[in-house]
Amino acid sequence: MRRAVGVAVRTVGLVIGVVLAAFAVLVWQVDALGRRDEARPADAIVVLGARVNADGSPGSDLTSRSYHAVDLWQAGIAPNIICTGGYAGDRLSAAAVCGRFIAGLGVPRENIWLADGSTNTDEDAQRAAEIVSRNGWRSVVLVSHPLHLFRARWLFDRAGVNAVTSPTSTETDRIFWPLRLWYATREAGAVVVTALDGFGAVPDGVIARLQNWSVNLP
C-alpha cells in the first residue's frame, strides 16, 4: 500500500512538472514572438483595438499601433488597413477612432475598414475574418503590443485568417522585467484558458475576466 502511494505521488509530481514545463515554454514563446517583426506583403494590416481617451482621441497604445500600421502601409506591405474594437457604429469605438486617426495620416478612406462590434481579441478576430472573407483576401499582418501578438495570432488562425505579426516595438527588454514577465504569463494563461473553454471546462466568470484583460492590455 505504501509503495502504491509513493508511486502515485511521484506520478502526480511528474505530471505537474511536465505541465509547468510546458507552460514555461508557452510563456517563452509569447515573449519570443514579441521580439520579431514578421511583416511581409499581405492583403491587409489589422490594428488590434486598445483604449480610447475620454475626449475621443486614441490612447497611447492605440496611437502607437495606428502609427505603426501606417508605417507598414506606406512601406507597401498591404493596401488596406482594418481597425478593430468597440461597439458597432459608435464613433468613439477603437475601430472608428483608429480609422479617423490613420485617415488623418494620409490613408485613403476606401482603404480603411472598420471591424467594430467586438470587445475582446477573440471577437476582433471574428469581425476581421468577416471582412477578409467578404473581400476574398488571403492574408493579414497583425499590429499590436508585442506581448499580445502570440495570443492574437492564435485567435486569428482559429478564425481562419492567415496572419503574421508586427509588434509596435521589438525592444521588449525595455519593459520593466517583472511587468514583462507578468504580461507574458498572463497572455500564456489566456491561451490555455481559451483553449480549455472550447471543451466547456472553464466557468463563465473566468472567461468574463479574460475578456476584460483583452480590452485593458496595454
Side-chain angles (χ1 to χ4, degrees), residues 26-27 29-34 36-39 42 44-52 58-66 68-69 72 81-88 90 92-99 113-133 137 139-169 172 175 180 182-198 202 204-218:
L26 182 58
V27 172
Q29 290 177 323
V30 168
D31 185 79
L33 184 65
R36 303 195 305 270
D37 190 336
E38 300 182 338
I45 299 157
V46 178
V47 181
L48 293 170
R51 287 188 182 92
V52 171
S60 60
D61 200 44
L62 186 56
T63 297
S64 63
R65 296 180 193 191
S66 300
H68 186 59
L72 294 174
I81 298 180
I82 301 173
C83 295
T84 72
Y87 293 107
D90 185 352
L92 294 181
S93 70
V97 171
C98 165
W113 304 77
L114 303 187
D116 51 14
S118 61
T119 58
N120 56 70
T121 309
D122 191 11
E123 293 176 357
D124 287 346
Q126 294 173 37
R127 299 291 86 75
E130 293 170 1
I131 293 175
V132 169
S133 175
W137 296 340
S139 59
V140 304
V141 177
L142 302 180
V143 171
S144 189
H145 185 284
L147 298 178
H148 181 211
L149 284 172
F150 184 93
R151 180 163 60 94
R153 186 182 66 177
W154 178 66
L155 290 169
F156 271 74
D157 286 344
R158 279 207 327 173
V161 179
N162 179 21
V164 295
T165 59
S166 184
T168 51
S169 171
T172 55
I175 303 173
R180 176 179 160 196
W182 161 240
Y183 286 150
T185 301
R186 188 177 73 173
E187 286 295 295
V191 169
V192 172
V193 170
T194 303
L196 291 175
D197 184 54
V202 182
D204 291 341
V206 173
I207 294 299
R209 286 193 292 272
L210 171 61
Q211 291 173 342
N212 187 55
W213 284 353
S214 302
V215 172
N216 294 322
L217 181 75

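Numbers here simply count residues along the sequence, with the first being 1.
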Undergrad: Spell out, as yes or no, whether a donor-acceptor pair under 3.5 Å connects the side chain of Glu187 to the backbone of Tyr183.
TA: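 No: the side chain of Glu187 does not pair with the backbone of Tyr183.
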
Undergrad: Measuring only between side-chain heavy atoms, which start at C-beta, is Arg158 closer than 4.5 Å to Asp122?
TA: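 In short, these two side chains touch, coming nearer than 4.5 Å.
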
Undergrad: Verify the distance criterion only: is there a donor paired with an acceptor across the side chains of Ser118 and Asp124 at less than 3.5 Å?
TA: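 On atom types as modelled, these side chains qualify, holding a pair under 3.5 Å.
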
Undergrad: For a quick test of reading the model, state the closest non-hydrogen atom pair linking Ala129 to Val161 and the distance between them.
TA: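 That would be CB-CG2, 3.5 Å.
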
Undergrad: For Asp37, which residues count as a salt bridge (charged side-chain N to carboxylate O under 4.0 Å, His left out) partner, sequence neighbours excluded?
TA: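 Salt bridge (charged side-chain N to carboxylate O under 4.0 Å, His left out) list for Asp37, sorted by chain: empty.
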
Undergrad: Does the side chain of His68 reach to within under 4.5 Å of the side chain of Ser166, using non-hydrogen atoms?
TA: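 Heavy-atom side-chain distance check passes, below 4.5 Å.
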
Undergrad: Excluding sequence neighbours, so at least two apart, what forms side chain to side chain contact (heavy atoms under 4.5 Å, CB included) with Ala44?
TA: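 Only Asn80, Ile82, Trp137, Val140 meet the side chain to side chain contact (heavy atoms under 4.5 Å, CB included) criterion with Ala44.
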
Undergrad: Partners of Thr63 by side chain to side chain contact (heavy atoms under 4.5 Å, CB included), sequence neighbours excluded?
TA: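 Thr63 satisfies side chain to side chain contact (heavy atoms under 4.5 Å, CB included) with Pro58, Tyr67, Phe101 only.
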
Undergrad: Take Val47 and Ile81, measure what side-chain contact (heavy atoms from CB on, under 4.5 Å) needs, and give me the verdict at the end.
TA: CA-CA 7 Å; Val47 181; Ile81 298 180; 3.9 Å; yes

Undergrad: Do Glu38 and Leu33 touch side chain to side chain, with heavy atoms closer than 4.5 Å?
TA: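 A side-chain contact exists here, since the closest heavy-atom pair is under 4.5 Å.
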
Undergrad: For Arg127, check salt bridge (charged side-chain N to carboxylate O under 4.0 Å, His left out) against everything at least two apart and list the hits.
TA: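 So Arg127 forms a salt bridge (charged side-chain N to carboxylate O under 4.0 Å, His left out) with Glu130.
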
Undergrad: Does Phe156 form a side-chain contact (heavy atoms from CB on, under 4.5 Å) with Leu142? I'd like the steps, not just the answer.
TA: CA-CA 9 Å; Phe156 271 74; Leu142 302 180; 3.7 Å; yes

Undergrad: Is it true that Thr168 and His145 share a donor-acceptor pair across their side chains at a distance under 3.5 Å?
TA: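 Judged by distance alone, the side chains do not pair up.
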
Undergrad: If you look at every heavy atom in Cys83 and Gly99, which pair is closest and at what distance?
TA: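 Nearest heavy atoms, Cys83 then Gly99: SG-N, 3.6 Å.
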
Undergrad: Which atoms form the tightest heavy-atom contact between Ser93 and Gly85, and what is the distance?
TA: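 Minimum heavy-atom contact is CB-O, 3.5 Å.
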
Undergrad: Evaluate the side-chain proximity of Asp61 to Arg51: yes if any heavy-atom separation is below 4.5 Å, no if none is.
TA: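 Answer no - side chains too far apart.
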
Undergrad: Before you tell me yes or no, could you show the steps for Asp116 and Asp90 under side-chain contact (heavy atoms from CB on, under 4.5 Å), namely the whole-Å CA-CA distance, both residues' side-chain angles and the distance that decides it to 0.1 Å?
TA: CA-CA 8 Å; Asp116 51 14; Asp90 185 352; over 6 Å; no

Undergrad: Please report the closest heavy-atom contact between Val27 and Ala188, naming both atoms and the distance.
TA: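 The answer is CG2-CB, 3.7 Å.
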
Undergrad: At their closest point, which heavy atom of Leu114 faces which heavy atom of Ala95, and how far apart are they?
TA: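 Closest approach of Leu114 to Ala95: CD2-O, 3.3 Å.
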
Undergrad: Under the side-chain contact (heavy atoms from CB on, under 4.5 Å) rule, what do Phe150 and Gln29 come out as? Steps first, then yes or no, please.
TA: CA-CA 8 Å; Phe150 184 93; Gln29 290 177 323; 3.7 Å; yes

Undergrad: Going by heavy atoms in the side chains, are Val143 and Val46 under 4.5 Å from each other?
TA: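 When only atoms from C-beta onward are counted, Val46 and Val143 do not touch, as no gap falls below 4.5 Å.
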
Undergrad: Does the Lys NZ or Arg CZ of Arg180 fall within the cation-pi geometry relative to Trp182 - under 6.0 Å from the ring centre and within 45° of the axis?
TA: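 No, a cation-pi geometry is absent between Arg180 and Trp182.
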
Undergrad: With side chains defined as the heavy atoms from C-beta onward, is the minimum distance between Arg65 and Leu48 less than 4.5 Å?
TA: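 Contact flag for Arg65/Leu48 side chains = yes.
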
Undergrad: Report the distance from atom CZ of Arg36 to atom OG1 of Thr165, rounding to the nearest 0.5 Å.
TA: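 Between atom CZ of Arg36 and atom OG1 of Thr165 there are 7.0 Å.
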
Undergrad: Run the side chain to side chain contact (heavy atoms under 4.5 Å, CB included) test against Asn162 and tell me which residues pass, sequence neighbours left out.
TA: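 Per chain and number, Asn162 pairs via side chain to side chain contact (heavy atoms under 4.5 Å, CB included) with Ser139.
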
Undergrad: Suppose we screen for side chain to side chain contact (heavy atoms under 4.5 Å, CB included). Which residues come up paired with Ala94, at least two apart in sequence or across chains?
TA: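 By the side chain to side chain contact (heavy atoms under 4.5 Å, CB included) rule, Ala94 matches Val52, Leu62.
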
